[in-house]
Every structure is written in C-alpha cells, then in structure tokens.
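Please read the structure below before turning to the comments.
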Amino acid sequence: MKKRGLIAFFLVTFFALLTQIYFADEGMWPISEIHKLNLNAKGLEISPDEIFSPSDLSLIYAVVQVGATGSFVSPDGLIITNHHVAYRPVQAASTKEHDYVKHGFLAKDRSEEIPARGMTARITESFRDVSGEVLSVLKEGMDRVERTKAIEKRKKEIVARTEKTNPGKRAEVSEMFSGKSYVLFLYTHLKDIRLVYVPPRSIGEFGGDVDNWMWPRHTGDFSFLRAYVAPDGSPADHSLKNVPFRPKRFFQVNANGVNEGDFVFMLGYPGRTYRHQTSHFWAYDEEVRMPYVVDWYGWQIALMEKMGEGDREIALKHLSRIKGLSNTMKNYQGKLKGMKRLGLVKTKKEQEKALQEYILADKDRTERYGDLIKKMGDIVEDMRERAEYELILNYLGRSALLTSLGCTAYEASIERAKPDLERESAYMDRNFSRTKQRLFLSLRNYYEPTDKAILKEMLQRATHLPEELQIPAVTAIIKDKGPKETIETFIEDAYSRTKLNDEAVLKNVFTKSTEELMNMKDPFIQLAADLYPTNLLKKEADKARKGLYDQLYAQLLDVKQEFLKTDFIPDANRTLRLTFGRIRGYRPMDAVYYKPVTTLDGVLEKSTGEEPFDTPEKIFALYKAKDFGRFAHPDSKSLPVCILYDMDTTGGNSGSPVLDACGQLVGVNFDRAWEATINDYAWSASYSRSIGVDIRYVLWVTQKYGGVDYLLKEMGIPE
Ligand code: ASP
C-alpha cells in the first residue's frame with residue numbers, strides 16, 4: 001500500500017512537472033479572457049485578479065502604450081521602454097554638438113529632462129463589447145462600400161459619444177474579428193513625455209542590424225522616460241508648469257531577475273498578426289507584398305546610407321528612417337525564409353481542405369458556406385493582379401516627404417470641409433494636430449537630394465506598370481518626351497519651385513481651402529491634385545473589398561469554430577494583451593541548442609571596437625574589475641544581459657514588461673529570434689522565442705555606467 005502510494009505520488013509529481021514544462025501555448029490573450037487561462041496552475045503566484053479586475057489596483061494600469069509598449073516603474077510617472085522605442089525623439093533632440101544617439105542622454109535631475117517630441121502615452125482604463133451596436137447599422141441590400149462606410153461611421157459615433165462623456169480621455173473601437181466583433185476601449189492619453197536616461201547607441205543598439213532579430217543577443221535595449229500632466233492631474237501638452245503623472249499602479253522591479261525555467265508573463269500592445277487569414281492571403285503576402293517591400297526598402301536604405309557617408313549631420317537626419325526600414329526589411333526576410341522552410345501556405349491549404357470537406361458533408365452547411373473559401377480567394381486574386389499598381393500608388397504618395405506633404409495638405413483641404421464624423425480619421429478634429437505634428441517632425445529630417453532620388457525612382461517604377469494600370473498623374477509628366485528625361489526635368493523644376501519645405505509656409509497650408517491651395521501654384525500641390533482622383537478610386541475599391549471580405553471572414557470564423565469546436569483568440573490589433581510562458585532555450589537547427597540567458601562575457605566576446613560592436617571603454621573597465629554590484633548571478637557570478645522565453649509576441653510588444661510569477665518586472669521585451677519572425681502567421685512552442693533585456697543589465701548599466709543612482713532609488717531598488 002505504502003509502495004503504491006509512493007508510485008502514485010511520483011506519477012502525480014512527474015505529470016505535474018511535465019505540464020509545468022510543456023504547457024507553453026499560443027496566445028496574445030485579450031485582458032477580458034485571462035480568467036479562463038488557469039494561470040495559477042501554470043505558474044502564476046498572484047491572483048489573476050491582481051492582473052486585471054475592474055478594480056483600480058490592477059497591474060494593467062502600470063502598462064502604457066508609447067507607440068509600442070512601456071511600463072510605469074515608479075509612483076512619479078517614470079516609464080521604462082526600449083531604446084529603439086524612444087529612438088525617434090532621441091534623434092529629434094540630437095544635433096552634431098549634442099549627439100544623444102551616439103553618447104546617450106542623461107537628465108541629472110528632473111529639471112534637465114527634455115521633451116520626447118512626438119511621443120504620447122496611453123493607458124487602458126476600461127473596455128466594453130459593442131459588437132451589437134456596431135453591426136446594427138447593417139441593413140439588407142447595402143452594397144459593399146456602404147457596409148464599410150456604415151461601420152466606420154458607427155464606430156466614430158460611439159467614439160465621439162464616449163469622449164464627450166469622458167472629458168480628457170480618448171476612446172477607440174477596435175475590430176477584434178472584422179465583420180464580427182468590436183470592443184470599445186477607453187484610454188487616458190498623456191501628452192507631455194520627457195527623456196530621462198537613454199544609454200549610448202553602443203549599448204542600446206549593440207549589434208545593430210547584424211544582430212537584430214537574432215539570438216544570442218547582447219543589446220541593452222532600454223530607455224527611461226517620464227510622463228507629466230497639468231498641476232490638476234489632467235493630461236496636457238508640454239509645459240514647465242506640468243508635474244509628474246501619478247499612475248494608479250506601477251511595477252515593482254525585481255532586481256534578482258529570473259532563471260531558466262521560471263514562469264513569466266507579459267502585458268503589452270502587440271500590433272498585427274494574420275493567423276486567421278486564408279492560404280490565399282498568406283500566399284499573396286509571401287509571393288507579392290513582402291518581396292516588393294523588401295526590395296523597395298532595401299533600395300531606400302542603400303540610398304540613405306550613401307547620402308550620409310562622411311557627414312554626421314546628414315547621417316543623423318536619415319538614422320531613424322534607416323533603422324525603421326531595416327527593421328521591417330530584415331523581419332520580412334526572416335518571415336519569407338520561415339514561410340518557405342515550414343511550407344506554411346501548404347499547411348494552411350491542407351487545413352482549408354479539411355474544412356471544405358466538413359462543409360460539403362452537410363447540405364445546409366454547403367448552402368451557407370460551400371463557396372466561401374473560393375470567394376475569399378477570388379478577392380485576393382484580384383488584389384494580386386493590382387498589387388504592384390496599388391503598392392506604387394501608396395509609396396508614391398508617402399515615400400518622398402514632399403509628395404507626402406502635398407498629398408496630406410490637399411486631402412486635408414477636402415476632408416476638413418466635411419462634417420467631422422464624415423472625415424478620414426487623420427483629418428478629424430481629435431487627430432488632426434497629431435497628423436500635422438508628424439509631418440513637421442519629418443520635415444526636420446528632410447534632405448533634398450535623398451527626397452528627389454526617392455521620388456524619381458518611384459516615378460520611374462510607375463512608368464513600368466502595364467498600359468491599363470498607368471497612373472494618369474505620372475502619364476501627364478511624361479506625356480511628350482521619354483520618361484527619363486521628363487521625370488528628371490519635372491523633379492528639378494518641382495524641387496526648385498516648391499515652398500512646402502518651409503515650416504512657416506507649411507503651417508499656413510493646413511488652414512487653406514482647396515481653391516486657395518491651388519492658387520499657390522506649388523508643384524507638389526499640383527501633383528497631389530493630379531494623384532487625388534486615382535487615390536480616391538483606390539480608396540473606394542479598398543472599401544468595397546473590405547466590405548465583402550469582412551462579411552466572408554465573419555462566416556469563415558463561424559464555420560471554423562463549428563468545425564474545430566474551439567474559441568479563437570483575435571489576431572493582434574494594438575489592444576492590450578497578455579501572454580505567458582517560461583524562460584526557455586531552443587534548438588534552431590540540428591545539433592545546436594541555444595541557452596536562454598546571455599551574459600556580459602558575450603558582450604565582450606562580440607566587441608570589435610567597430611560599430612555596431614563597439615563597447616564603451618568604461619564597460620570594459622567595469623568588467624575587468626568584476627564590478628557587477630548586486631546584479632551578478634549568484635551561481636555563475638556573471639552579469640546576465642538578455643533573456644529568451646517562449647511567450648507569444650509580435651511588433652508592438654517592444655518595450656513590454658517581462659513579469660515574474662509575482663508580477664514583478666524582470667525584463668523588458670525588445671525582439672524575437674530569427675525563427676519567430678513568422679509568429680505573425682503561425683506560432684510554435686518549439687521555435688517561437690522572444691527576447692528581452694534582463695532587468696539586472698538595465699539596472700547595472702543605469703547605475704554603474706550611467707551613474708544614475710537616483711533612478712534606482714526611485715524604483716525602490718535596495719542598495
Ligand atoms: N523588435 C521588434 C520590433 O521592433 C519587436 C518584435 O517585433 O518582436 O518590431
């Protein structure tokens with residue numbers, strides 16, 4: 001009996017361990033779903049209510065959307081996020097004399113903090129399902145465009161009504177499953193964000209593009225910011241009278257970090273995934289869209305790098321754009337490789353085949369869904385045929401800054417004349433100042449030779465479109481002579497005559513009517529006016545496509561749900577989500593195992609003295625002196641730098657807090673491993689790994705390298 005009891009005990013323990021080890025699961029879970037996850041059985045040691053219950057004390061109030069994600073780590077509005085998330089404002093504040101990208105930025109006290117221009121912070125306050133209210137606008141007999149427009153309008157009405165009754169807050173209706181479910185989110189929206197401490201590029205971006213999307217990693221990808229509000233606590237634009245924001249909740253930092261195998265979870269704002277899309281859509285992405293983007297971004301990066309050679313001032317203007325484009329380009333390259341390697345489209349097709357067999361096995365189902373997958377495929381086929389035309393039209397309007405300024409000004413003059421709720425979202429009163437601000441900030445990085453070269457290349461690409469898809473505005477430019485000669489003449493003339501690159505003129509432009517704009521006789525306004533009808537047609541076509549696709553998509557989810565007998569997690573859409581897992585290595589290929597924690601030893605091993613592997617001298621000195629303070633690992637005695645885990649993340653999760661079983665901050669997420677770039681299409685427990693900077697490295701760099709002791713005190717880190 002005793003023996004049997006013992007065996008039973010071992011068996012139970014063994015299976016408990018097994019489930020602990022192998023429980024990792026796909027899922028960027030909406031906050032409303034977390035109570036279904038049984039997180040305590042999986043390793044969480046606090047109550048899920050602590051993460052979220054409609055009480056004021058939930059941990060979700062410590063998470064903040066700053067473009068990507070960040071977290072509050074002190075009662076005085078101190079935010080930790082990634083170096084790359086704060087990169088744009090750091091670059092915007094940098095000059096040749098004060099190069100904060102290169103040397104980092106440090107405010108010795110609060111009076112030295114400087115505005116993080118263009119950055120805002122949103123905190124999720126509450127959410128509510130409004131699917132019924134949104135979908136009730138749909139009427140029998142509406143055509144596809146009408147459907148899309150009706151839903152858009154209803155969403156705007158809900159937002160307007162909600163913001164009216166919640167002054168100072170921002171609302172947003174997010175599509176969880178298009179054509180099917182919608183959730184209204186209410187946000188606190190902070191507008192005065194300042195830079196506090198940013199390490200130098202040689203730490204924050206160590207490894208640069210070479211190491212980006214790779215493991216093992218040794219990047220100190222973190223920055224500290226602070227949010228400010230008016231003295232009465234309300235969100236306000238930057239002012240020296242403002243005071244630090246007091247968040248309802250902030251994360252306690254656990255300076256002891258985590259170990260291999262530990263349970264971790266993450267809260268954040270993942271951007272976009274396509275897991276519920278069809279095989280046709282995936283094939284379109286793999287064969288058409290991503291290769292085009294890789295090519296176009298690569299072309300621009302090469303150009304900008306060349307332009308900046310030998311002149312730091314010019315290089316600085318291009319830095320953040322190059323960084324953004326390279327990030328996407330390399331990510332797409334990883335995805336393309338992964339999709340091919342795993343045959344993702346083929347697998348999806350097989351799943352669809354099984355679904356189709358299930359549909360055809362029943363008369364009623366056949367009637368309702370028989371040609372559903374085919375119809376969705378036809379829409380994507382149509383997209384494919386027009387893809388190059390649509391991509392060129394899109395990039396023509398936005399890749400060169402001056403076309404982007406011209407098109408936005410022209411469109412604004414038309415949209416701003418309509419009632420607020422009927423405008424395109426960028427031109428609504430609630431968004432217009434931000435739309436303008438983005439352009440003004442881009443103007444600071446304007447460099448005419450680069451802009452000219454980009455526009456020239458795009459116009460040239462446009463001339464190669466098939467006859468029936470030629471863009472009239474481009475045809476008009478090359479009407480009489482050969483494309484090359486006339487495009488060059490057009491560009492020389494346009495850039496010499498335009499005034500849109502003058503900030504004062506630009507300010508004025510946004511107050512003008514269409515007629516007044518045309519009277520300016522600016523060549524980029526004229527180009528925008530010529531492009532406008534084509535863009536308008538494209539927009540209407542997009543709406544028609546969306547109207548039909550969403551309707552079919554909703555049906556697809558219904559029948560898939562019926563077939564698989566399971567609930568689905570909505571694809572990522574920039575709303576607050578939770579994911580969980582463990583600190584865990586993986587096998588990227590035969591005979592190779594990647595451990596999940598890197599150390600300072602690896603930083604030094606990689607250092608060559610040349611960008612992007614140039615480590616500051618002071619780090620070498622601290623390493624030599626083994627001056628790791630209290631942050632060395634108690635067993636290995638080395639300093640942890642980055643951690644790897646099997647949580648389900650994507651872009652937008654940059655800067656997300658990595659939290660331990662007690663909900664304390666142990667890292668800051670910043671990337672994914674190469675094989676996990678395809679997370680956006682499919683997730684796998686075997687290779688989907690994400691990367692964070694270990695909190696011990698953050699604290700060590702801040703204290704020992706930056707000398708910013710006061711931040712550690714502010715975060716309550718014991719001496
Ligand atoms: N480093 C990534 C990004 O910037 C984060 C991710 O996608 O996992 O988008």
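Each ligand, and each atom within it, is numbered from 1 in the order the structure gives. Quick caveat, the model's predicted, so the values are computed rather than measured.
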(message) Any non-hydrogen side-chain atom of F245 less than 4.5 Å from a side-chain atom of I123?
(response) yes
(request) May I ask you to say whether K335 pairs ionically with D285, meaning some side-chain N is under 4.0 Å from a carboxylate O? (result) no
(message) Less than 4.0 angstrom from a charged side-chain N to a carboxylate O is my criterion; do D680 and R672 meet it?
(response) yes
Taking the six-membered ring for Trp, are [X] and [Y] ring centroids under 6.0 Å apart?
X	Y	answer
H84	F670	no
F613	F206	yes
F281	Y274	yes

Which atoms from ligand 1 have a heavy atom of [X] less than 4.0 Å away?
X	result
G651	6 (C), 7 (O), 9 (O)
N327	3 (C), 4 (O), 9 (O)
T650	6 (C), 7 (O), 8 (O)

(message) Heavy-atom contact check, 4.0 Å cutoff: does N653 meet ligand 1?
(response) no
(message) Once you restrict to heavy atoms under 4.0 Å, what part of N212 touches ligand 1? Side chain, backbone, both or neither.
(response) neither
N/O of [X] under 3.5 Å from N/O of ligand 1, yes or no?
X	value
W213	no
T649	no
H84	yes

(message) Regarding atom 8 (O) of ligand 1: of the candidates K323, R672, K330, which has the closest heavy atom?
(response) R672
(message) For atom 1 (N) of ligand 1, what is the closest protein heavy atom, and at what distance to 0.1 Å?
(response) F670 O, 2.7 Å
(request) Considering heavy atoms of the protein only, find what lies nearest to atom 5 (C) of ligand 1 and give residue, atom and distance to 0.1 Å. (result) S654 OG, 3.1 Å
(message) Both conditions, 6.0 Å and 45 degrees, for the charged tip of K323 above the ring of Y87: are they met here?
(response) yes
(request) Name the orientation class of the two ring planes belonging to F177 and H276 (parallel below 30°, tilted from 30 to 60°, perpendicular beyond 60°). (result) tilted
